[in-house]
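Below you'll find the structure, written out as structure tokens, and then a few comments.
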There are 2 protein chains.
Amino acid sequence: MSSRDAVLAAAPRVLATQPTASMAEIAAAAGVGRATLHRHFASREDLLREIGQRSLDQWAASMDEARVLEAAESGDATVIRACLVDLLTRYVADAQAFGIALTDPTVLNDPELREGAERCFVDELRLHGAAQATGVLRPDVPPRWLGHVLYGLLVAVRDALVEGDIAPRDAAGLVVTAFLEGSGAR
Amino acid sequence: MSSRDAVLAAAPRVLATQPTASMAEIAAAAGVGRATLHRHFASREDLLREIGQRSLDQWAASMDEARVLEAAESGDATVIRACLVDLLTRYVADAQAFGIALTDPTVLNDPELREGAERCFVDELRLHGAAQATGVLRPDVPPRWLGHVLYGLLVAVRDALVEGDIAPRDAAGLVVTAFLEGSGAR
DNA sequence: CCCATGTGAGACATTGAAGTCTCACATCAG
DNA sequence: CTGATGTGAGACTTCAATGTCTCACATGGG
């Protein structure tokens with residue numbers, strides 16, 4: 001594994017538990033010299049942006065793999081619902097790999113990344129819209145609110161896993177249930 | 001309003017949109033000199049801790065006002081459900097006032113604050129436990145997970161409000177519904 | 001063997017925010 | 001008026017992390 005890959009593997013891991021970790025700490029965690037870290041990423045911002053970009057790529061990839069647009073256009077409630085579940089499951093995995101990108105100010109405030117996020121979000125909204133139109137998701141809430149709820153649940157599952165309050169293998173199921181059925185008893 | 005109160009009012013507001021705001025920016029937002037800010041709060045950590053402590057006090061106060069422990073001990077599903085809704089509504093208001101405390105590393109990592117948070121959480125868990133036992137909340141998930149879901153929804157509503165995706169007057173209802181009923185259509 | 005490449009260690013410089021200090025000024029109670 | 005208190009402005013110091021640079025070394029291809 002190249003030292004660059006070592007950094008890109010280690011950084012999200014440390015930052016997940018220590019969002020303010022210094023470059024020195026990140027380098028150490030990656031088993032790499034501080035100078036080497038700076039060779040690959042000129043600044044801390046650079047590194048964070050790269051991680052943010054990768055999380056966006058992963059977001060897009062997950063939507064792609066779940067065939068979000070295809071499902072949205074199908075107009076078939078069963079397909080849409082299955083797609084949603086598939087998507088959420090992928091998101092949960094992504095949130096563990098790129099948890100830092102969910103809440104880091106550097107990532108959240110970067111104009112380019114924001115634009116990329118909005119682009120992904122628009123695609124996701126297609127699915128939510130189709131889900132609302134076909135009776136899969138409740139129609140009486142703003143579609144963008146559904147995105148926020150999803151986001152919040154990913155933050156929740158990330159933290160719950162970090163603190164060891166839920167088992168990794170249960171994570172996806174808990175999120176899917178919480179999102180679709182809520183936490184109220186049936 | 002004393003300058004100290006001005007700071008304690010302004011700081012959470014600026015930090016809500018700029019979590020990395022400098023002391024100088026906070027002072028400016030409070031309409032107060034930088035020296036004055038340091039007179040009241042020796043360090044940035046001090047200020048953040050004070051805000052964190054106040055958010056904990058508010059958390060405790062909200063549980064108190066919603067009569068959480070009383071409801072938990074009542075064993076009455078109707079009472080418990082009403083208490084939960086009341087509590088969530090209060091939380092939504094609190095999340096707007098102290099949104100920064102939800103995700104700021106300084107607040108989240110301070111040992112004393114963590115201990116205080118855990119103490120509040122334990123009380124909240126009593127309610128969740130009672131709610132699960134009386135068929136108000138689903139019994140098939142870890143009680144602590146319910147706390148995380150709630151937390152995630154507060155982060156979601158905070159961000160949705162900051163970005164203007166939902167109307168302030170709808171916020172509480174959206175959170176209550178998302179938590180209890182989920183986002184799936186009935 | 002030899003060179004090219006990438007690396008670690010560590011010295012060094014830079015920077016930007018934090019924190020300190022002084023002083024003049026406003027306010028207000030007595 | 002007068003002293004006490006709190007304040008704003010701004011100069012100043014400190015400090016920790018960032019970013020730069022050099023050099024010796026390892027490795028691997030030729």
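Here is how names work: the chains are called A, B, and so on, in the same order as the sequence lines, proteins then strands, and each is numbered from 1. Small disclaimer: the values here were computed from a predicted structure and weren't measured.
Rounded to an integer number of Å, the gap from CZ of A:Phe41 to P of D:dG19 is 13 Å. The distance from atom NE2 of B:His38 to atom C1' of C:dA17 is 9 Å, rounded to the nearest whole Å. At whole-Å resolution of the value, CG in B:Leu47 and P in C:dG19 are 10 Å apart. Separating the CG atom of B:Leu48 from the P atom of C:dA18 is a distance of 10 Å, rounded to the nearest angstrom. Atom CZ of A:Arg44 and atom P of D:dG19 are 9 Å apart (whole Å).
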Please list, pair by pair, any protein nitrogen or oxygen found under 3.5 Å from a nitrogen or oxygen in nucleotides 25-30 of chain C.
none

Can you give me every donor-acceptor pair (side chain of residues 120-127 of chain B, partner residue at least two apart or in another chain, under 3.5 Å) with its distance?
residue, atom, partner, partner atom, Å
B:Glu124, OE1, B:Trp59, NE1, 3.4
B:Glu124, OE1, B:Tyr91, OH, 2.7
B:Glu124, OE2, B:His128, NE2, 3.4

What donor-acceptor contacts under 3.5 angstrom involve side-chain atoms of residues 3-10 of chain B, with partners at least two apart or in another chain?
residue, atom, partner, partner atom, Å
B:Ser3, OG, B:His40, NE2, 2.8
B:Asp5, OD2, B:Ser2, OG, 3.4

Please list, one pair per line, the donor and acceptor atoms closer than 3.5 Å that link side chains of residues 11-22 of chain B to other protein atoms, with sequence neighbours excluded.
residue, atom, partner, partner atom, Å
B:Thr17, OG1, B:Val14, O, 3.2
B:Ser22, OG, B:Ala24, N, 3.4
B:Ser22, OG, B:Glu25, N, 3.2
B:Ser22, OG, B:Glu25, OE1, 3.4

I'd like to compare against my own output: the B/S/- annotation of nucleotides 5-13 of chain C with a strict under-4.0 Å heavy-atom distance to protein. --BBBBB--
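Counting only residues at least two apart or on different chains, the side chain to side chain donor-acceptor pair (under 3.5 Å) pairs with a member in residues 156-173 of chain A are A:Thr103-A:Arg158, A:Asp165-B:Arg144, A:Asp165-B:His148.
A side-chain hydrogen bond (donor to acceptor under 3.5 Å, both in side chains) with B:Thr106 holds for exactly one of B:Asp110, B:Asn109, B:Asp104; it is B:Asp104.
Side-chain N/O atoms of A:Arg39 and A:Thr36 include a donor and acceptor closer than 3.5 Å.
Atom CD in A:Glu70 sits 8.0 Å away from atom OG in A:Ser74 (nearest 0.5 Å).
One finds no salt bridge joining A:Glu118 and A:Arg114 here, because no Lys/Arg side-chain nitrogen approaches an Asp/Glu carboxylate oxygen to under 4.0 Å.
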